[in-house]
Amino acid sequence: MKKSNKILIISSWGFPPAWFSYKYKVSIDHPLFKDISHFECTSCCSTLVLVSALRKLDFDTKTIIFGLDSVANPSNGNPRKLAKDLYTSWLKVLVTKCSCCGDLGPIEIEVLPGIGKFYGWSFKGSVDHLFNMAFNKLVTELNSTKYNWIFLDITHGINFQTIAILHAVVASVVLLDVERRLIVMNSEPAQGGEVKCIRYTKNKTLPKELSIIDVSRLQRVVYFIRLLRALKTLDTSGIGLALKELKHLNKELVKYLKNNIIPFFKLLRNGIVAVTFASACIDMEDKMRCPIINICIDKRSNMNLLPNYNPVVDVKKKTIEYPKASIYESLNLALYIILNRFCEEIMKDDDQDLIKYMKNITNKYKKYDYTYAELITKESYRQLELIMKYLEPYLKYENGFTVYTYRLLLTKIHDVRKAIESKHRNLNVNLKYVRNIVKSQLREMNEINKNIQEIHLRDSIAHAGLEYAILKEFITKANTIKGIVYNKNVLSLVKKLVEI
């Protein structure tokens with residue numbers, strides 16, 4: 001049973017040679033891990049004790065350790081490679097000096113940019129570098145593998161490093177909706193000690209001054225990720241305020257949110273489903289514009305991973321610098337994950353079928369308690385199903401039907417239902433009637449189409465986006481609605497909705 005429980009263990013490590021050996025007692029406040037409360041182990045590293053305790057109970061674990069390249073002396077070569085080698089060798093020593101460490105399962109070591117002065121060198125990293133690299137690694141891991149539990153051990157690590165890793169973990173679990181599976185561990189404070197596990201030569205070049213680092217943007221980026229994640233529930237209520245704050249921090253993202261994301265989700269939030277269909281087009285007279293607004297067309301594009309910020313060593317200046325980083329770049333990756341998952345749910349099998357699309361959206365409405373939108377959309381696609389069934393003989397020879405046919409049959413939907421049930425329908429007579437209706441109503445409809453009023457917005461909401469005043473025709477193939485053509489006044493409707 002427990003082997004089916006996959007656990008990811010995350011830890012930040014600073015400088016392991018400075019750690020003392022202690023007898024650790026593990027305690028986890030969760031019923032599933034109640035047997036661990038009696039686990040004891042002597043070690044210089046709480047992370048290894050935690051891993052050993054979980055594996056002793058037969059849990060399937062993987063461990064990711066985040067270190068710093070400032071543990072290595074850049075005079076000897078590339079600090080990131082040297083640091084990776086150091087952490088790997090230190091890990092081996094720590095395992096041999098651990099009284100409970102057997103098979104620890106897979107362990108990965110990720111080295112992040114350092115901050116501060118070490119070995120006479122100045123490491124020019126920032127919390128932005130640390131957060132972005134850790135967030136990138138964790139999102140990739142959690143998105144590719146389903147873990148039942150995520151443990152974060154914050155016992156070890158340097159102050160800014162631990163804070164950055166903590167926020168990267170929280171941001172990742174919030175983004176991927178696994179926050180309830182996160183368990184954060186920390187040991188009681190160490191009081192020095194008698195025995196160290198690793199011998200080392202003490203750094204004799206100590207800094208004469210220290211910078212106080214502002215790390216508050218770590219919390220801001222978690223706040224923004226929570227707002228973006230709310231989009232999956234069609235909640236756009238907090239995005240407006242976020243745009244004002246973000247406009248100087250990530251201009252490209254703000255532009256994309258404002259022009260594409262917010263209109264798309266506002267349309268869905270208000271039940272105007274059909275306009276967001278991937279094959280909904282606008283007749284611009286000289287050409288067709290497709291889609292009107294749909295963020296799922298390129299949902300299979302490559303994930304925009306964050307860079308690795310490889311260190312640049314300047315021997316003359318004795319500095320380690322890294323490519324410029326902004327913590328707000330992580331929001332691009334977060335948005336990709338959110339949209340990709342959302343689109344996989346509403347565009348299953350990449351179906352270009354309006355009725356199937358409306359059904360998928362109805363499931364979303366039901367899941368997140370948008371009862372009014374659910375009922376309206378359900379009624380609208382059921383009416384479309386009846387109309388398609390009624391027009392089945394006619395559609396064998398035509399590749400669609402106009403808004404006037406749709407309008408007529410919708411007003412006579414009860415007669416349509418009865419005709420289908422009786423399997424007796426005089427289609428030719430009805431089509432002749434449609435042509436007569438069109439002649440008498442065409443002038444009226446053209447007048448209506450000139451200006452979109454609030455009434456048209458209300459009617460669009462009441463018909464799931466299938467409002468007569470903005471529609472032109474339905475495109476069909478094999479008894480399936482493969483596309484919808486709108487009049488260009490639909491753009492005014494979208495604009496009016498976004499401005500509300």
Side-chain angles (χ1 to χ4, degrees), residues 271-283 288 290 292 346 348-349 351-363 365 373-446 448-449 456 459-487 490:
I272 306 178
V273 180
V275 177
T276 68
F277 183 46
S279 295
C281 303
I282 303 174
D283 186 353
M288 288 290 209
C290 308
I292 300 172
I346 67 171
K348 295 173 183 176
D349 304 320
D351 286 324
Q352 295 302 296
D353 181 332
L354 175 61
I355 291 174
K356 281 187 178 180
Y357 178 70
M358 294 177 76
K359 287 180 178 179
N360 291 339
I361 297 297
T362 302
N363 292 334
Y365 290 145
E374 176 196 349
L375 295 175
I376 289 294
T377 307
K378 187 181 291 185
E379 179 64 16
S380 296
Y381 76 65
R382 284 176 175 173
Q383 291 172 342
L384 268 182
E385 286 178 323
L386 286 172
I387 290 171
M388 288 294 288
K389 183 71 175 175
Y390 185 82
L391 291 176
E392 199 171 81
Y394 170 73
L395 295 176
K396 289 180 181 179
Y397 310 102
E398 301 289 339
N399 61 357
F401 55 96
T402 67
V403 63
Y404 305 109
T405 303
Y406 171 68
R407 184 178 189 182
L408 170 73
L409 295 179
L410 198 59
T411 58
K412 294 180 170 292
I413 198 69
H414 296 296
D415 294 333
V416 168
R417 184 180 286 107
K418 288 178 182 179
I420 293 171
E421 290 171 356
S422 65
K423 298 182 180 181
H424 178 75
R425 46 184 175 264
N426 191 342
L427 195 60
N428 290 330
V429 173
N430 284 328
L431 289 179
K432 182 179 179 180
Y433 179 54
V434 170
R435 286 192 289 271
N436 292 333
I437 287 289
V438 169
K439 289 179 182 178
S440 64
Q441 294 184 343
L442 188 58
R443 185 177 300 171
E444 174 193 349
M445 291 294 290
N446 283 338
I448 291 173
N449 286 348
H456 302 123
D459 288 345
S460 293
I461 293 172
H463 293 91
L466 299 174
E467 156 62 9
Y468 322 125
I470 56 175
L471 268 173
K472 186 172 184 179
E473 62 182 324
F474 295 83
I475 309 300
T476 62
K477 184 179 180 181
N479 296 322
T480 301
I481 299 176
K482 291 291 186 181
I484 329 169
V485 179
Y486 283 88
N487 296 310
V490 72

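Note that the structure is a prediction, hence the values are computed from the model and not measured. When reading the values below, keep in mind they use all heavy atoms of this one structure, side chains included, and skip hydrogens, waters and symmetry mates.
E421 and K389 are not joined by a salt bridge, as no carboxylate oxygen comes within less than 4.0 angstrom of a charged side-chain nitrogen.
Taken from NZ in K356 to CD1 in I346, the straight-line distance is 15.0 Å, to the nearest 0.5 Å. The structure places CZ of R382 at 9.0 Å from OG1 of T362, a figure rounded to the nearest 0.5 Å. The CD1 atom of I361 sits 13.0 Å away from the CD1 atom of I272 when rounded to the nearest 0.5 Å. A distance of 12.5 Å separates CG in L471 from CG in D283, rounded to the nearest 0.5 Å. Distance check: K412 NZ to H414 NE2 gives 11.5 Å after rounding to the nearest 0.5 Å. With rounding to the nearest 0.5 Å, the separation of CD1 in I387 from CD1 in I355 is 9.0 Å.
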Passes side-chain hydrogen bond (donor to acceptor under 3.5 Å, both in side chains), Q352 versus S279? Steps please.
-> CA-CA 7 Å; Q352 295 302 296; S279 295; 2.6 Å; yes
Please test Q383 against L410 for side-chain contact (heavy atoms from CB on, under 4.5 Å), starting from the C-alpha separation and ending with a verdict.
-> CA-CA 7 Å; Q383 291 172 342; L410 198 59; 3.1 Å; yes
Give the C-alpha distance, both sets of side-chain angles, the deciding distance and a yes or no for side-chain contact (heavy atoms from CB on, under 4.5 Å) between L384 and L354.
-> CA-CA 9 Å; L384 268 182; L354 175 61; 3.8 Å; yes
Given the rule in the side-chain contact (heavy atoms from CB on, under 4.5 Å) test, do K472 and T402 qualify, once you have shown the distances and angles that lead to the verdict?
-> CA-CA 6 Å; K472 186 172 184 179; T402 67; over 6 Å; no
List the steps, then state whether salt bridge (Lys or Arg N to Asp or Glu O under 4.0 Å) holds for K378 with E374.
-> CA-CA 6 Å; K378 187 181 291 185; E374 176 196 349; 3.6 Å; yes
List the steps, then state whether side-chain contact (heavy atoms from CB on, under 4.5 Å) holds for M388 with L395.
-> CA-CA 8 Å; M388 288 294 288; L395 295 176; 3.9 Å; yes
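When every heavy atom of A274 is checked against every heavy atom of Y486, the shortest pair comes out as CB-OH, 3.3 Å.
Counting only heavy atoms from C-beta outward, the side chains of I470 and H456 never approach each other to under 4.5 Å. Put simply, the side chain of Y468 reaches to within 4.5 Å of the side chain of H463, judged on heavy atoms. Side-chain contact between T476 and K482 is absent, with no heavy atoms from C-beta onward closer than 4.5 Å. Residues L386 and R417 meet the side-chain proximity criterion, which asks for heavy atoms closer than 4.5 Å. No side-chain heavy atom of I481 sits under 4.5 Å from any side-chain heavy atom of Y381. Under the 4.5 Å side-chain criterion, counting only non-hydrogen atoms from C-beta, I292 is in contact with V490. I484 has its side chain out of reach of I475: every pair of non-hydrogen atoms, C-beta onward, lies at least 4.5 Å apart. Between T276 and Y357, the closest side-chain pair of non-hydrogen atoms falls below 4.5 Å.
Between F401 and Y406, the ring-plane angle classifies as tilted under the 30° and 60° cut-offs.
Distance alone, capped at 3.5 Å, is enough to place a donor-acceptor pair between the T480 side chain and the A478 backbone.
In the model, T405 has no side-chain atom that pairs as donor or acceptor with a side-chain atom of Y394 under 3.5 Å.
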